[in-house]
Protein chains: 2
Amino acid sequence: MVTSAERGDASSRRRPTIDDVARLAGVGRGTVSRVINGGHNVRPAVRDAVNQAIDILGYSVNQSARNLARGRTGSIAYIISDRGDRLFEDPNFGLFARTFSRQLRGSGRHLLITTAEDEEEENSLGDYLAFGHVDGALLGLTRDHEPLLQRLQASRLPFVVLGKPLGFENALSWVAIDDEKAAFTVVSYLAGKVDGAIGTVTGPLHTSSGRERLDGCRLALGDRFRPDLVASGDWSLRSGREGTELLLRREPGLRGLFVASDLMAAGAIGALRAAGRRVPEDVAVVGFDDSAAATMVDPALTTMRNPIEQTALEALRILDERIAGDAGAPVRLVLSSELVKRSSA
Amino acid sequence: MVTSAERGDASSRRRPTIDDVARLAGVGRGTVSRVINGGHNVRPAVRDAVNQAIDILGYSVNQSARNLARGRTGSIAYIISDRGDRLFEDPNFGLFARTFSRQLRGSGRHLLITTAEDEEEENSLGDYLAFGHVDGALLGLTRDHEPLLQRLQASRLPFVVLGKPLGFENALSWVAIDDEKAAFTVVSYLAGKVDGAIGTVTGPLHTSSGRERLDGCRLALGDRFRPDLVASGDWSLRSGREGTELLLRREPGLRGLFVASDLMAAGAIGALRAAGRRVPEDVAVVGFDDSAAATMVDPALTTMRNPIEQTALEALRILDERIAGDAGAPVRLVLSSELVKRSSA
DNA sequence: CTGAAAGCGCTAACAA
DNA sequence: TTGTTAGCGCTTTCAG
């Protein structure tokens, strides 16, 4: 039962609109609109009056109405191509998502988190995006995605790639860390620590990260680089363990190990220990990412910390430029990582 | 049927609207609206015609317009009270977020992920929620939150708590796993595996999970329960290590250990190993959560897997009921966990 | 069952 | 610099 008292209560408590503000401030609706959209071309005195009315009423803009009027959706898609269940264990992903969400919330927008696990999902996702359900997209790619990229390119949807899109480097806008330089840094550190054989467990070599981290390692090692001490992994713990077992078989006297991700490094340390090696006394190990795994494993990993937040912010900034219509030539941005010394090397 | 003019209209740049569909199907706008909202009270023949027009035009609803007309925002808040940076490392959180997102997307809605790290954030969050920016909220609480809960209760915002809200059990709607029963299960398993002293490292005892997991442990151990072999932790790796060191000092002959979270269990195993104990030969260990840590640690943990997805789905269902209808009595739901046997016990 | 029409709250173009 | 007005696309009465 709704009593008249409750009804009255409810209607008097309804959210104030732009008209309420205009009435209270004694101005027209358009003026209020101008004030809440930057306050340009409004006399200071009037602007103050409007702002005061806004405060008194506790007014805040109705995003649905604004989006409807502007012809925007108010949401941005964050697309990840990794397997969905693995995705939330990736600390980088989490930090990306968190940074995007927080930043978008500041402008009353939403983040739509989506996976594209297989080709079918990619197709329906392409439909969704092309359909105008979002204002733009941020792509976190972990494998090659020519179909989706091409589809997106053909559509009018503004988007920015997180990481270097192999094969599309010059055609698209992207923000990435300098994997090669970062790998160079950490491997140089490792090489300075130990004498003797140094091996590496790489990421998937069809990704730019996997490839460039290997390049950086090769560069840092110079003459000491041993092509036979390269095992390829797939970012998984298991592949880190198996890759290390392989290297140990090839070179029992292994002294140093660069593992291209912390999670794989956790697997590597397990394998090393199982083989009776002490870390770092017998084999020094360095990882990459500075993820949760880095401190969960014993000994804690020496690794590279990537500027994820900065990457996220820059990507969003570039995306917003393109949404606003400043879309000129593609924009590319490369950021640097930082060495974190712990006990594993 | 379809004139070229109509076709031309439809295939023009802009997204088709409900009016385009109505014109093509030769019906009124209201009828189309009825069809896309369930198709009730529409003659089958007409409904088919409308659906056909929708297909031809590739029409899909504009959420902003719908929300504006319905007086809804189209978004649901997921509030977590944990420290923000820790939060994305919690696998439960990730699965919750993913399940919510996916489910909401099905109904054209969004998930707003927010933290409430301290009291200040909680207050501004309270403002935000009370302001009508979201249609409802899902609360993942990790500590006591009387202020926020009371504030929310006072507002008209529908919400559901994930986990048991201590002190508000009867006043609010919530969905939780049966911590006591789950702890009972895994500790019974442990007790069947080893003879001799069994200890436990608990979660924070001011949370319902921490408390109930201890209760379940006590129940399962019966006469074998030793009050002196209870160390209290705070879910952190470190507290797992320190708690275990304490227990080892009190009972060097410790044979079994129930650690109330996998992350703490990882710390426990580190401490055990440092003290020269083998796991599980000398000390058998069981964890709780089946989180990423469970398989990252060596040996892999025997632990309890919680029905996170089901919890998420049920919570959302209950929330939607409350958003749709006038909230009746609070709804409570308790779900069960499952034992996962690995090598640590 | 169906169509017409009145908004939902806001932006932006156009006058003034 | 301002106020006025015409939509944005949809839902929801209200007649018929």
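The figures here come from the full heavy-atom set of this structure, side chains too, leaving out hydrogens, waters and symmetry mates. Keep in mind that this is a model prediction, so the values were computed, not measured. All chains are named by letter (A, B, ...) in the order of the sequence lines, taking the proteins before the strands, and each is independently numbered beginning at 1.
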**Message:** How close do Arg47(A) and Val42(A) get, counting heavy atoms only, and between which atoms?
**Reply:** NH2-O, 3.4 Å
**Item:** Options dT1(D), dG7(D), dG9(D), nucleotide nearest the side-chain atoms of Arg43(A)
**Value:** dT1(D)
**Asked** Which one, dC10(D), dC10(C), dT1(D), comes nearest to the side chain of Val61(B)?
**Response** dC10(D)
**Request:** May I have the distance from Asp48(A) (atom CG) to dT1(D) (atom C1'), rounded to whole angstrom?
**Result:** 15 Å
**Fill in**
Separation of dC14(D) atom P from Asn41(B) atom CG, nearest Å, is 16 Å
**Message:** Please check this pair: side chain of Asp320(A) against backbone of Arg317(A), looking for a donor-acceptor N/O pair closer than 3.5 Å.
**Reply:** no
**Earlier contact from the 5' end, DNA chain D, for Val46(A) and Asp19(B)** = Val46(A)
**Request:** Please figure out whether Gly28(A) or Thr31(B) has its closest DNA chain D nucleotide nearer the 5' end.
**Result:** Gly28(A)
**Message:** Students often get this wrong, so: under 4.0 angstrom with heavy atoms, is Ser33(B) touching a base, only sugar-phosphate, or nothing?
**Reply:** base
**Complete:** Paired with Ile36(B), the side-chain contact (heavy atoms from CB on, under 4.5 Å) test is passed by just one of Val21(B), Ile18(B), Thr31(B), namely Ile18(B)
**Nearest-angstrom distance from the residue atom CG of Asp20(A) to P of dG9(C)** = 9 Å
**Asked** Hey, is the side chain of Asn37(A) poking within less than 4.0 Å of OP1 or OP2 on dT11(C), counting only N and O atoms?
**Response** yes
**Item:** Rounded interatomic separation in angstrom, taking CZ from Arg66(B) and C1' from dC10(C)
**Value:** 20 Å
**Message:** Tell me the interatomic distance from Arg70(B), atom CZ, to dC8(D), atom P, rounded to whole angstroms.
**Reply:** 21 Å
**Message:** How many whole angstroms separate atom CG of Leu68(A) from atom P of dG7(C)?
**Reply:** 17 Å
**Asked** Taking the side chain of Ala65(B) as heavy atoms from C-beta outward, which of dG9(C), dG9(D), dT2(D) is closest to it?
**Response** dG9(D)
**Message:** Rounded to whole Å, please give me the gap between CG in Asn67(B) and C1' in dT12(D).
**Reply:** 15 Å
**Asked** Checking Asp135(A) side chain against Ile76(A) main chain: does a donor-acceptor pair fall under 3.5 Å?
**Response** no
**Prompt:** So does Arg29(A) get a side-chain nitrogen or oxygen closer than 4.0 Å to the phosphate oxygens (OP1/OP2) of dG3(D)?
**Reply:** no
**Asked** When you check the phosphate oxygens OP1 and OP2 of dT2(C), does a side-chain N or O of Arg34(B) lie under 4.0 Å from one of them?
**Response** no
**Message:** Closer than 3.5 angstrom, by distance alone: can the side chain of Asp48(A) be matched with the main-chain N or O of Ala45(A) as a donor-acceptor pair?
**Reply:** no
**Message:** Whole angstroms only, please: what is the CD-P distance between Gln63(B) and dG9(D)?
**Reply:** 14 Å
**Request:** Classify the nucleic acid contact of Gly30(A) as base, sugar-phosphate or nothing, counting any heavy atom under 4.0 Å across all strands shown.
**Result:** base
